[in-house]
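Some notes on the structure that comes next.
Order of the sequence lines fixes the chain letters, A, B, ..., with proteins taken first and strands second; residue numbering starts at 1 for each chain. Every heavy atom of this structure was used, including side-chain atoms; hydrogens, water molecules and symmetry mates were not.
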Amino acid sequence: MSDTPDKPKHFIRQIIDGDLESGKHSRVGTRFPPEPNGFLHVGHAKAICLNFGLAQDYQGQCNLRFDDTNPAKEEERYAKAIEEDVHWLGFEWNGDIRHASDYFDQLYVFAKELIEKGLAYVDELSPEDIREYRGTFEVPGKNSPYRERPIKESLELFERMKAGEFEDGKMCLRAKINMASPNINMRDPVIYRIKHQHHHRTGDKWCIYPMYDFTHCISDALEGITHSLCTLEFEDHRPLYDWVLDNISIDCHPQQIEFSRLNLEHTVTSKRKLNQLVADGHVDGWDDPRMPTISGMRRRGFTPESIRDMCDRIGITKKVNTTEMGVLENCVREDLDKNAQRVMVVLDPVKVVITNYPDDKVEELTAPNHPKEDMGTRTIYMSKEVFIDRADFREEANKKYKRLVLGKSVRLRNSYVITATDVVKNEKGDILEIHCEYDPDTLGKNPEGQKPKGVIHWVSSSHSLPATVRLYDRLFNVPNPGSEENLVSTLNPESLKVIDGARVEMSLKTVAPETRFQFEREGYFCSDRYDCKEGSLVFNRTVTLRDSWAKIENKG
RNA sequence: AGGGGUGUCGCCAAGCGGUAAGGCAACGGGUUUUGAUCCCGUCAUUCGUAGGUUCAAAUCCUGCCACCCCUGCCA
């Protein structure tokens with residue numbers, strides 16, 4: 001009903017289809033509930049695509065809700081960044097943004113209801129004692145001495161907690177469930193704690209804040225969520241999710257369903273670790289193009305489509321999984337191959353003098369912006385001196401090398417065929433310039449007899465512009481940095497190489513920020529959304545082109 | 001050692017009792033003014049493992065093994 005019949009449905013879709021068929025639900029309501037304590041990363045993208053995607057496909061709604069129950073960790077600036085990321089990924093939430101803090105009043109009333117029913121009590125055990133009393137995996141917990149205190153007393157104490165009469169940690173509200181439960185989450189979990197802490201939305205109205213397990217299920221129910229999707233580590237919390245909703249006066253009971261989080265090779269997706277990278281200055285902020293954050297990937301040049309495509313391809317299951325970088329790379333390449341304009345940029349320029357080309361002549365040539373798609377053409381300039389990449393010339397080479405070789409010819413992409421006649425070096429042996437002759441009769445056609453084996457890119461020395469190009473590579477050298485004892489030691493020292501002397505063709509003179517291109521024969525690049533301006537061009541490499549030459553070369 | 005989960009190709013992932021989809025990667029070959037793209041071909045007699053049920057099992061049953069998560073007044 002939501003997909004083409006040949007596309008397999010993951011288990012959550014199967015559950016939803018079942019619920020719709022059985023009449024359990026007549027609509028689908030999901031939510032994406034981030035805590036505003038950091039930037040969203042690629043793992044969140046999976047959850048976003050799932051929740052918003054399901055709502056879209058079933059013509060339901062998906063809410064954006066900030067899970068802001070811990071004012072000690074949360075900040076408004078994170079909330080803003082999250083909103084922007086969700087939008088950028090291409091999703092629109094249902095109505096206004098929700099906040100768990102919008103429900104603090106109702107949550108408080110529900111907490112009192114539990115107390116009145118004898119299902120919650122105010123505990124005065126210290127945090128250390130609570131831990132002690134909780135027991136272990138093998139040993140059952142024991143009841144708090146305050147567990148059986150009169151309902152009236154708990155009610156009064158809870159109100160006094162709210163009134164600010166007690167210090168942090170002196171008391172807390174606990175659900176009265178079962179201290180001997182094999183599920184530790186059910187051993188009288190704390191549902192409210194005292195925190196004399198300013199909240200970024202409710203200010204100083206509260207000094208008691210509800211815990212996640214109490215808040216989340218009620219927030220879901222209040223919003224009429226039908227399917228509450230979360231990651232695997234919450235499986236053990238589901239009995240508590242259900243217990244709370246079963247014991248308060250609320251007529252909605254969403255179903256919590258767990259799926260496995262995304263792990264991407266060579267990245268970390270732990271807010272704590274990402275925060276560490278930022279705080280310790282290993283990267284240039286949360287949106288550094290090397291970061292697996294949504295904003296970092298955006299700045300790097302990934303498209304929302306490519307990220308969504310990856311989420312689509314990896315599927316939804318309950319298996320612990322690690323996706324290879326190749327999948328993501330394939331997704332951007334596929335998108336950008338089809339949609340990015342082609343342009344010529346020389347990253348490591350070496351001068352080529354075309355000896356038989358008229359000294360002051362400048363020819364305007366027309367180059368297609370895309371080899372297949374109809375994306376128009378642009379003007380490129382041909383002159384006596386051009387730059388090519390150092391890697392595209394060798395004084396001698398075997399037959400496998402298809403670029404410029406002394407005495408041999410090569411095609412300048414979108415221009416003439418040239419033949420290398422001489423090379424000028426300094427005393428150290430560095431190549432200063434390469435002398436070539438061009439064949440004027442090779443524009444748009446091959447020379448008589450033979451066809452040049454290679455094609456290389458180039459720019460006119462006089463009609464090109466300087467640019468800074470940032471070459472990014474994986475941030476970590478090991479596939480699973482998150483499992484490493486010392487994260488920092490696995491950082492890739494070559495994750496960023498800044499090239500200051502690149503030369504770009506004239507069409508890039510007034511490029512808008514955040515425009516994506518294929519630099520022919522090099523890779524996909526994006527003009528930096530903050531640093532790129534006319535007169536100071538800056539491009540970030542998103543990903544290289546697939547490089548089968550590298551394989552041949554490495555084999556020897 | 002208690003509870004909760006998961007085991008299908010190098011990485012993802014379909015499959016839901018009728019005899020192993022697909023994607024990525026890899027490897028061959030073709031086209032090409034990007035060593036890109038595109039195209040064509042190869043890539044699990046086997047589904048963690050050992051038994052059992054059945055005419056028939058990746059799918060049902062039993063035992064075993066491996067891995068992940070859980071003892072915050074974090075989410």
Side-chain angles (χ1 to χ4, degrees), chain A residues 6-10 14 33-35 37 67 69-70 72-74 123 125-127 130-131 134-141 168-174 181-187 189-195 208-209 211-213 215-216 230-239 258 260 265 271 310 312-331 333-334 337-338 342 344 368 371-372 400-403 410-415 417 442 444-446 451-457 518-523 544-553:
Chain A
D6 51 340
K7 191 185 169 188
K9 284 181 177 139
H10 57 66
Q14 292 180 21
E35 183 187 14
N37 69 342
D67 225 333
T69 58
N70 188 352
K73 294 184 172 181
E74 296 144 10
D123 198 359
L125 247 28
S126 66
I130 285 184
R131 194 185 320 126
R134 186 151 37 222
T136 66
F137 293 143
E138 301 83 24
V139 183
D168 292 10
K170 287 292 183 221
M171 290 182 191
C172 64
L173 185 68
R174 294 231 256 163
S181 171
N183 180 346
I184 289 181
N185 295 122
M186 298 299 269
R187 318 242 263 230
V190 172
I191 57 176
Y192 259 95
R193 74 292 215 183
I194 300 172
K195 269 184 192 286
I208 57 171
Y209 293 94
M211 299 286 289
Y212 166 85
D213 285 309
T215 309
H216 203 83
C230 62
T231 42
L232 255 27
E233 65 270 27
F234 290 99
E235 271 177 320
D236 289 340
H237 294 244
R238 192 171 63 229
E258 310 83 13
S260 50
E265 278 193 350
K271 277 191 198 169
M310 179 190 69
D312 222 53
R313 292 186 195 211
I314 60 177
I316 300 292
T317 65
K318 298 185 71 138
K319 268 181 282 199
V320 172
N321 61 82
T322 304
T323 296
E324 292 176 341
M325 259 302 176
V327 179
L328 212 209
E329 292 180 345
N330 175 263
C331 290
R333 287 191 182 120
E334 212 171 84
D337 171 60
K338 191 165 194 303
R342 265 111 256 222
M344 289 197 286
K372 291 180 178 168
K400 283 183 183 168
Y401 187 80
K402 305 201 303 190
R403 311 178 193 181
V410 78
R411 160 144 252 136
L412 292 181
R413 175 103 168 128
N414 299 126
S415 180
V417 171
T442 52
K445 58 180 169 184
N446 285 321
K451 170 178 164 183
K453 256 178 43 191
V455 181
I456 63 175
H457 57 100
Q518 184 195 98
F519 288 2
E520 291 201 85
R521 302 210 313 130
E522 292 289 355
T544 61
L545 249 33
R546 200 174 260 111
D547 187 2
S548 55
W549 164 244
K551 286 177 193 167
I552 297 168
E553 208 181 22

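- OP1 or OP2 of rG72(B) lies within a sub-4.0 Å distance of a side-chain N or O belonging to R131(A).
- When the side-chain nitrogen and oxygen atoms of T215(A) are compared with OP1 and OP2 of rA75(B), none of them lie within a distance under 4.0 Å.
- Between K453(A) and the phosphate of rG35(B), there is no side-chain N or O to OP1/OP2 separation shorter than 4.0 Å.
- Between K318(A) and E235(A) there is a salt bridge, since at least one side-chain N of the basic residue sits less than 4.0 Å from a carboxylate O of the acidic one.
- Ranking rA75(B), rC24(B), rG3(B) by closeness to the E334(A) side chain, first place goes to rC24(B).
- Applying the 4.0 Å criterion to OP1 and OP2 of rU37(B), one finds that R546(A) has a side-chain N or O inside that range.
- Checked by distance alone, H237(A) brings a side-chain donor or acceptor within 3.5 Å of a matching partner on the base of rA75(B).
- For the pair R413(A) and E520(A), the salt-bridge criterion is met [side-chain N within less than 4.0 Å of a carboxylate O].
- Taking only side-chain nitrogens and oxygens, K338(A) never comes nearer than 4.0 Å to OP1 or OP2 of rC38(B).
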Base-contact (B) and sugar-phosphate-only (S) positions in nucleotides 13-18 of chain B, heavy-atom cut-off under 4.0 Å, - elsewhere
SSSB--
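- Among rG2(B), rA75(B), rG72(B), the nucleotide with an atom closest to any side-chain atom of P182(A) is rG2(B).
- If G326(A) and F234(A) are placed on RNA chain B by their nearest nucleotide, the residue sitting closer to the 5' end is G326(A).
- For N330(A), counting side-chain heavy atoms from C-beta on, the closest listed nucleotide (rA36(B), rC24(B), rA75(B)) is rC24(B).
- Between R342(A) and D337(A), at least one side-chain nitrogen of the basic residue sits less than 4.0 Å from a carboxylate oxygen of the acidic one, meeting the salt-bridge criterion.
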Could you go through nucleotides 31-34 of chain B and list every protein N or O atom that sits under 3.5 Å from one of its N or O atoms, giving the distance for each pair?
residue: rU33(B); atom: OP2; partner: K451(A); partner atom: NZ; Å: 2.7
residue: rU33(B); atom: O3'; partner: R413(A); partner atom: NH1; Å: 3.3
residue: rU33(B); atom: O2'; partner: R413(A); partner atom: NH1; Å: 2.0
residue: rU33(B); atom: O2; partner: N414(A); partner atom: N; Å: 2.9
residue: rU33(B); atom: N3; partner: R411(A); partner atom: NE; Å: 3.0
residue: rU33(B); atom: O4; partner: R411(A); partner atom: NH2; Å: 3.0
residue: rU33(B); atom: O4; partner: G444(A); partner atom: N; Å: 2.7
residue: rU34(B); atom: O2; partner: Q518(A); partner atom: OE1; Å: 2.7
residue: rU34(B); atom: O2; partner: R521(A); partner atom: N; Å: 3.0
residue: rU34(B); atom: N3; partner: Q518(A); partner atom: OE1; Å: 2.5
residue: rU34(B); atom: N3; partner: E520(A); partner atom: OE1; Å: 3.3
residue: rU34(B); atom: O4; partner: R342(A); partner atom: NH1; Å: 2.4

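- In this structure rG51(B) sits in the anti conformation; its chi angle is more than 90° from 0.
- As rounded to the nearest Å, rC64(B) and rC69(B) have P atoms that lie 23 Å from one another.
- Among the nucleotides rG10(B), rG72(B), rA75(B), the one closest to the side chain of E324(A) is rG10(B).
- For D236(A) against rG3(B), a side-chain N or O and a base N or O form a donor-acceptor pair under 3.5 Å.
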